[in-house]
Structures are given as structure tokens and as C-alpha cells.
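Structure first, commentary second.
This chain uses plain numbering: 1 for the first residue, then up along the sequence.
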Amino acid sequence: MRLTRKRLCSIFIAVYCLFSLYAAYHVFFGRRRRTPDAPLRGLRKGVVPVRERRGREQSTLRSEEWNPWEEDEKNEQQHRLKTSLQILNKSTKEKKHFHVQIWGKAAIGLYLWEHIFEGLLEPTDVTAQWREGNSVVGRTHYSFITGPAVVPGYFSVDVNNVVLVLNGREKAKVFYATQWLLYAQNLVQTQRLQHLAVVLLGNEHCNNDWINQFLKRNGGSVERLFIIYDSPWINDVDVFQWPLGVATYRNFPVVEVNWSMLHNERPYVCNFVGTVYENSSRQALMKILEQDGSDQLCWVSAREQWQPQETNESLKSYQDALLQSDLTLCPAGVNTECYRIYEACSYGSVPVVEDVMTAGSCGNSSAYLNAPLQLLKSMNAPFIFIQNWKELPAILEKEKTINLEEKIQRRKRLLHWYQHFKTELKMRFTNILESSFLKNNKN
């Protein structure tokens, strides 16, 4: 037993001596020395080489050494840090992001965000109480919030610039939109917001006088108004036209273009899926299709009463009609502009648009040469415009003479135009907000 203890003690003492010798060697002989033939080229007097400074940052032992140039080195580091910060601040100032938050309180907000801005929303569940997303266009950083939980006074406002998306189509919607405008106007007056713009789904007859009081030119807080339909107010100064878009309230999706959409033969020449109102041009359209026998060439599904919501089956059927038809018939409803125009574009089905003015206060052909559909025409929409559905049989007859390759090229042109249309709107929207809000900031 004693022998074993003696051996253990001897081993311990031997290990201790070896460790001590190893440590002593590194302390006295292990330090790296600069060779005489390694000149310090370009080094100012009193400044320690960068390589040596990095060595001190990495070695605790060497940081404890006395440095005869320590004070000069500190001054040099402070000077470099100050210069770097000045350059960074200048760069940041020049590239500073302009922040805008969009409050989506109408379904058209989803067309703006998901289709035009190609933005994503979290969560993806369309029934969620609160959904949000972010997107950057140039130097403008957009955030988007929507959902039933977005209620005046019940969410934090931590931005200076807001775009409010509202529905003003009916009296009940106008009351709801007015409450939002009063809330936003109060935020501006109490300096919790600096700038306010509105995207408005206007009345189909262009009777939108209720919002006049909120425009900045009339003493309100709305600096820029983007309005749907051919309003006579549009001046491209503080009121701009905005597209109706697809029926996002019916869950019409963002459509991804694929090979078959472009190249497959489509079994139907045209389609019409919609409500046929009494004493409307839609009744005349149905008669022409039946009399000419064209209803056999076209996918026709008419109903007598408008249905605000789609079932999964009806939405799928409608999308199939667009995908499997070369043309989509777009008769005028209460207004000439309808969701069907943009939905047809999504599937590469050429809209055949009834180019007539509807009743109401919207722009008329005597005052506005491009009305109706001024925005689409100004951007050279590749549609087929007709004045009367009596022109349809000749159009359908001509379709029979167009071969598949020509149709493929036509689809490509339409889809390319529609993508360009959305991109152009995104850039216009951003430029208008930047030129307005930033200009007013300088003033």
C-alpha cells in the first residue's frame, strides 16, 4: 500500500515539474520577435503596426506589456473611428429608407399588396384576425397590416406615413370609411402622423362627394387620393386613378404562369360566367350567343342574381373557364370596369370589353377622350374593344382563322403587358408618395 502511494506521489511530482518547465519555456523563449530585416514601411512615427495591434487583441499576456506609444495609438484609433462614423452616417443619410405603412381596410388592399406589390402576408390563413407583411420598393420600405383586429385606436401607430385603403362603394361602407378617416385625421392633427394618403374603392357612379372634406386642398389631411373608376376628379396632381383589380373578396388568387397556360390548345373560343341583369346589355349578349350558335363554342354560365361569395366549386369552375378560353367576354355592369377584365388577364384570356359609358357622374367621352377605362387605355391594354355586342359574331369567326402559334404569341403579349402594368403601377404609386410626402417634409 505504501509502495503504491509513493509511486503516485512520484508521478504527480514529475508531471508538475514538466508543466513548470513547459510554462517557463513559453514565458522566456516562446515570444515571437520581429526579425531585423522586416522593415516597417510606410509607418508613421509613434504608430504601432496594425498586425501588432491585432496580436495584442488576441493575446492576454501581450496586452499586459507596457507600450511606449500607447497614448498616440489611442488617439489614432479614435481619429479613425470618428472618420468611419462620419462616412457611415453620410452613406446612411443618402440611402435612408422612407417608411410607409398601408392599412388595408378593404379587399382592394389585397390586390394592391399581393398582386401589384407581390408581397406576402403572415399568417397565410385568409381568415386570420391580423395579417402583416413587408416589402421594399427602391428606398421606400412598406409594411402592410389587415384583418378584423385592425381597429381604430386598438393597435400601436409607430410610423409617420400611412396609406389607408377604404371601401366607399355603398352607404354602409361610406359610414365605416368615414370613421377611419376621422381617426387618421386626428392622428395627423395631434402630430402622431405626418402624412396620409387614401386608396378608395369609389362609388360605381362616381358619386364620392363625401370624401371631399377630407382632402388636404379642402382643409383635410388626405394629401393624395387614388380612386377606382373614371372619376371626373382625376387630375394627376392630388387625385389619381387606380385599377379595380381582381375580386380578392372572393379569394381570387395570384396566378402563376406555367408552360401549359401559354402553349396548350384551349377548347373554348370564349367564355362568360356571370350575372345577367334585366334590361342590360348582358341580355343582348346572351341572345346573340344563342342566335348565332356561338354558345356551343363558348363556356357560358349565366345566373339571374348576383352572388357576393364564391364556393370552392364555383371559383374552380370560373378559373377553368378562363384557363380554357381564348377570349373572355366582359360586358358592362353598373360600371364598365369589372373584376373580370383583370381576372382574364391573369390567365392569358384576351378580354373582349364593351367600351361604353355607364350611367352616373363618371368621366364621359366628350370631356375625357379615353373614357371609359382611361387608365387601361393610357397603358395600351391589348384588349378587344367593342361598342355593341352585335360585333361579336365577326370576332368569333375571325378566331377560327387564327392558328395555335399565333394564339400563343398573343397570350404571351397579354401576360407580359399585365405584368408590366402592375410593375408600372407599383413604381408610380411609390414615386407619387415619395414626391409628395418628402417634399412636404422639406417644407
Problem set entry | side chain to side chain donor-acceptor pair (under 3.5 Å) between Glu132 and Ser143, worked out | CA-CA 7 Å; Glu132 60 185 37; Ser143 57; over 6 Å; no

Exercise. Going through the checks in order, is the side-chain contact (heavy atoms from CB on, under 4.5 Å) test met by Leu433 and Thr140?
Worked result: CA-CA 9 Å; Leu433 293 184; Thr140 301; over 6 Å; no

For this session: Give me the one residue out of Gln191, Gln194, Gln101 that meets side-chain contact (heavy atoms from CB on, under 4.5 Å) with Asn160.
Result: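 Only match with Asn160 under side-chain contact (heavy atoms from CB on, under 4.5 Å): Gln194.
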
Exercise. What pairs of residues pass the disulfide bond (SG atoms under 2.5 Å apart) test when at least one of them lies in residues 371-433, not counting sequence neighbours?
Worked result: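 Qualifying pairs: none.
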
Does [Y] offer a backbone N or O that forms a donor-acceptor pair with the side chain of [X] under 3.5 Å?
X      : Y      : value
Thr358 : Val334 : yes
Asn186 : Leu182 : no
Arg131 : Ile145 : no
Thr311 : Ser314 : yes
Asn161 : Leu196 : no
Arg266 : Ser325 : yes
Thr336 : Val356 : yes
Asn218 : Asn212 : yes
His195 : Phe437 : yes
Ser435 : Ile432 : yes

Student check: side-chain heavy atoms of [X] and [Y] closer than 4.5 Å:
X      : Y      : result
Asn279 : Tyr277 : no
Ile386 : Ile395 : yes
Leu285 : Glu290 : no
Ile108 : Ile228 : yes
Val199 : Leu112 : yes
Trp389 : Glu391 : no
Leu225 : Phe214 : no
Trp103 : Tyr183 : yes

Problem set entry | Ionic contact status for Lys422 with Glu118, cut-off 4.0 Å |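 The answer is no: the pair does not qualify as a salt bridge.
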
Sequence neighbours excluded, which residues qualify as side chain to side chain contact (heavy atoms under 4.5 Å, CB included) partners of [X]?
X      : value
Ala321 : Asn271, Val273, Trp299
Thr127 : Asp125
Asp158 : none
Phe385 : Val353, Asp355, Leu373, Lys377, Phe383

Restricting to side-chain hydrogen bond (donor to acceptor under 3.5 Å, both in side chains), what partner residues turn up for [X], sequence neighbours left out?
X      : result
Asp236 : none
Tyr347 : Gln319
Tyr318 : Glu343
Arg192 : none

Flag yes if more than 12 heavy atoms outside [X] fall under 6.0 Å of its [atom1] atom; otherwise flag no.
X      : atom1 : result
Gln189 : CD    : yes
Lys173 : NZ    : no
Phe175 : CZ    : no
Glu278 : CD    : no
Glu256 : CD    : no

Rounded to the nearest 0.5 Å, how far apart are [atom1] of [X] and [atom2] of [Y]?
X      : Y      : atom1 : atom2 : answer
Leu392 : Ile384 : CG    : CD1   : 9.5 Å
Leu425 : Leu375 : CG    : CG    : 6.0 Å
Leu110 : Leu121 : CG    : CG    : 6.5 Å
Ser361 : Asp230 : OG    : CG    : 12.5 Å
Ser231 : Gln241 : OG    : CD    : 8.5 Å

Exercise. Can a donor-acceptor pair be found between the side chains of Tyr229 and Gln374 at a distance below 3.5 Å?
Worked result: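 Looking only at side-chain atoms, Gln374 and Tyr229 do not form any donor-acceptor pair under 3.5 Å.
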
Problem set entry | Pair Phe117 and Tyr142, ring centroids less than 6.0 Å apart |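 For Phe117 and Tyr142, the ring centres are under 6.0 Å apart.
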
Exercise. Between Phe429 and Trp242, is the ring centre distance below 6.0 Å?
Worked result: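 Yes; Trp242 has its ring centre under 6.0 Å from that of Phe429.
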
Problem set entry | Minimum heavy-atom distance between Gln185 and Ser221, given as atom pair plus value |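 That closest heavy-atom pairing would be CG-OG, 3.2 Å.
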
For this session: Not counting sequence neighbours, which residues clear disulfide (SG to SG under 2.5 Å) with Cys270? List them please.
Result: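 With sequence neighbours excluded, Cys270 shows a disulfide (SG to SG under 2.5 Å) to Cys298, given in chain and number order.
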
For this session: Could I get the full list of disulfide (SG to SG under 2.5 Å) partners for Cys206, not counting sequence neighbours?
Result: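 Listed in chain order: Cys362.
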
For this session: With salt bridge (charged side-chain N to carboxylate O under 4.0 Å, His left out) as the test, would you mind laying out the steps for Asp238 and Lys216 before giving the verdict?
Result: CA-CA 9 Å; Asp238 64 341; Lys216 190 164 187 176; over 6 Å; no

Mind listing the side-chain donor-acceptor pairs of residues 408-418 below 3.5 Å, one per line with the distance, residues two or more places apart or on another chain?
residue, atom, partner, partner atom, Å
Gln409, NE2, Glu405, OE2, 3.0
Arg410, NH1, Glu399, OE2, 2.8
Arg410, NH2, Glu399, OE1, 2.9
Arg411, NH1, Leu262, O, 2.8
Arg411, NH1, Asn264, O, 2.8
Arg411, NH2, Asn264, O, 3.2
Arg411, NH2, Asp326, OD1, 3.2
Trp417, NE1, Met379, O, 2.7
Tyr418, OH, Tyr111, OH, 3.0

Problem set entry | Worked verdict on Glu434 versus Leu438 for side-chain contact (heavy atoms from CB on, under 4.5 Å) | CA-CA 5 Å; Glu434 288 183 1; Leu438 294 178; 4.2 Å; yes

